[in-house]
Undergrad: 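Take a look at the following structure, please.
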There are 2 protein chains.
Amino acid sequence: MRKRINALAEQLLDTLEQKGYRSTEPRRAMAQVIANQDKHFTAEDLRKQLPSLGRATIFRSLKLLVETGMVCRVLLEDGDLHYQLSHRGHHHHLLCVECGSSQDLLGCDIEDLLQQTSARHGFELSGHWLEVYGRCNACRNVEQTVELANA
Amino acid sequence: MRKRINALAEQLLDTLEQKGYRSTEPRRAMAQVIANQDKHFTAEDLRKQLPSLGRATIFRSLKLLVETGMVCRVLLEDGDLHYQLSHRGHHHHLLCVECGSSQDLLGCDIEDLLQQTSARHGFELSGHWLEVYGRCNACRNVEQTVELANA
DNA sequence: AATGAAAAGATACTAGGTATCAATATTCGC
DNA sequence: GCGAATATTGATACCTAGTATCTTTTCATT
Ligand SMILES: [Mn+2]
Ligand SMILES: [Mn+2]
Ligand SMILES: [Zn+2]
Ligand SMILES: [Zn+2]
């Protein structure tokens with residue numbers, strides 16, 4: 001009996017199938033769990049939510065999803081590597097160091113700047129990795145509210 | 001008998017001492033080896049060159065050097081983490097994916113851009129991590145030479 | 001030189017991930 | 001719908017990078 005999964009999870013599987021990968025029960029389960037994640041997560045997080053799957057399977061599927069662009073890797077400020085559902089294509093993240101949320105930066109407007117800087121150094125630009133750390137709107141508002149309450 | 005070490009290595013140790021850390025034989029040896037590195041390196045690279053040091057000592061000293069800003073961490077395109085001698089202060093790297101060399105980008109001119117982008121998302125910027133990948137001048141010249149020779 | 005603190009080294013342990021391989025599930029042609 | 005060919009799984013062992021703990025050694029100071 002095939003478990004019912006939501007539209008987003010369905011889409012992940014469809015994309016895998018289009019790339020020639022089989023639609024298996026473990027992959028269905030992973031797609032569903034990943035689709036339910038509201039923040040970036042680790043392989044270990046998935047494992048806790050999918051105790052019946054083999055550990056290797058989790059790493060393998062995760063890798064597949066990263067390679068096909070559906071999940072992206074997120075470097076936390078402390079060096080930890082997490083994963084999260086990805087918008088396709090090149091983009092960056094605004095990572096809140098307080099609540100751990102992450103916002104996608106879709107347009108990559110540093111490309112031009114890097115191009116210029118590279119040129120100045122005789123360097124042929126081919127790619128870059130950028131992560132941005134700070135505090136998100138929600139966390140800033142909470143602090144403001146607390147300040148007002150104490151005033 | 002205190003081994004003679006070069007000026008750069010001496011400087012690393014002096015800085016450690018100024019921060020209250022002792023100048024020990026293992027640290028002298030590490031400082032010297034790191035000063036001799038011409039590229040980014042891993043802890044394992046150091047270990048091969050310093051087989052008499054305990055593994056934990058290598059990791060501990062490396063961490064110390066990173067914390068005091070004398071060595072910086074470099075994220076390779078494949079996700080590998082390497083280390084290298086650092087110019088103090090915030091900076092980025094132009095990493096050649098062909099020869100593995102790395103050039104420091106001293107001025108960080110993306111700060112303004114990030115500030116604007118963050119503001120647009122209601123995000124309070126506090127930091128960022130940027131690595132730039134491509135091909136260095138030397139590698140480009142080599143290719144050109146080969147092309148000419150084959151023409 | 002004696003002392004107390006810092007550091008080293010041995011060892012065991014952890015997290016995150018990969019290699020191997022026999023057993024199983026999925027797909028595809030019929 | 002059935003079976004063969006093949007992709008995938010899960011168990012296990014292994015690996016890299018790093019940390020925790022603890023005893024012994026080294027350093028800096030007096
Ligand atoms: Mn992303
Ligand atoms: Mn650097
Ligand atoms: Zn936040
Ligand atoms: Zn190069």
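Naming: A, B, ... by sequence-line order, numbering from 1 per chain.
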Undergrad: In whole Å, what is the span from the CZ atom of B/Phe59 to the C1' atom of C/dG9?
TA: 14 Å

Undergrad: Between D/dA17 atom C1' and B/Lys48 atom NZ, what is the distance in whole Å?
TA: 13 Å

Undergrad: Crowded around A/Tyr133 OH? As in, over 12 foreign heavy atoms under 6.0 Å?
TA: yes

Undergrad: Counting heavy atoms from C-beta on, name the nucleotide in D/dG18, C/dG9, C/dT26 closest to the side chain of B/Tyr83.
TA: D/dG18

Undergrad: Which angle, to the nearest 10 degrees, lies between the helix axes at the two ends of the helix from C/dA1-D/dT30 to C/dC30-D/dG1, each defined by five pairs?
TA: 40°

Undergrad: By nearest nucleotide on DNA chain D, pick out whichever of B/Thr42 and A/Ser52 is the more 5' one.
TA: A/Ser52

Undergrad: At under 4.0 Å between heavy atoms, what does A/Arg60 touch on the DNA or RNA strands: base, sugar-phosphate, or nothing?
TA: base

Undergrad: What's the CG-P distance between B/Leu64 and C/dA8, to the nearest Å?
TA: 9 Å

Undergrad: State, yes or no, whether a side-chain contact exists between A/Val74 and A/Leu95 at a heavy-atom distance under 4.5 Å.
TA: yes

Undergrad: Mapping B/Thr57 and B/Arg22 onto DNA chain C by nearest heavy atom, which one lands closer to the 5' end?
TA: B/Arg22

Undergrad: For B/Asp80 and for B/Thr24, find the nucleotide of DNA chain D with the closest heavy atom, then tell me which residue's nucleotide is more 5'.
TA: B/Asp80

Undergrad: A/His128 and A/His90: aromatic ring centres closer than 6.0 Å?
TA: yes

Undergrad: For C/dA25, take OP1 and OP2 only and decide whether either is under 4.0 Å from a side-chain N or O of A/Tyr21.
TA: no

Undergrad: Is there a continuous path of hydrophobic side-chain contacts, each under 4.5 Å between heavy atoms, that joins A/Leu46 to A/Met70?
TA: yes

Undergrad: Separation of A/Leu65 atom CG from C/dG17 atom P, in whole Å?
TA: 14 Å

Undergrad: Just grab all the ring pair (Phe, Tyr, Trp, His ring centres under 6.0 Å) pairs involving residues 23-76 of chain A, residues at least two apart or on different chains.
TA: A/His40-A/His82

Undergrad: Once you round it to whole Å, what is the distance between P of D/dG10 and CG of A/Leu46?
TA: 14 Å

Undergrad: Separation of A/Leu62 atom CG from D/dT9 atom C1', in whole Å?
TA: 16 Å

Undergrad: When you check the side-chain N and O atoms of B/Gln116 and B/Asp112, is any donor under 3.5 Å from an acceptor?
TA: no

Undergrad: Rounded to whole Å, how long is the line connecting atom CD of B/Glu17 with atom C1' of C/dA5?
TA: 16 Å

Undergrad: Applying a 4.0 Å non-hydrogen cut-off, can you work out what A/Arg55 is touching in the nucleic acid: base, sugar-phosphate, or nothing?
TA: base

Undergrad: What's the closest nucleotide to the side chain of A/Glu44 if the choices are C/dG16, C/dT18, D/dT9?
TA: C/dG16

Undergrad: Under 4.0 Å: is that the gap between some side-chain N or O of A/Arg27 and OP1 or OP2 of C/dT26?
TA: no

Undergrad: For A/Ser126 and B/Arg135, test the side chains for any donor-to-acceptor distance below 3.5 angstrom and give the result as yes or no.
TA: no

Undergrad: Whole angstrom is fine here: how far is it from CG in A/Leu16 over to P in D/dA7?
TA: 15 Å

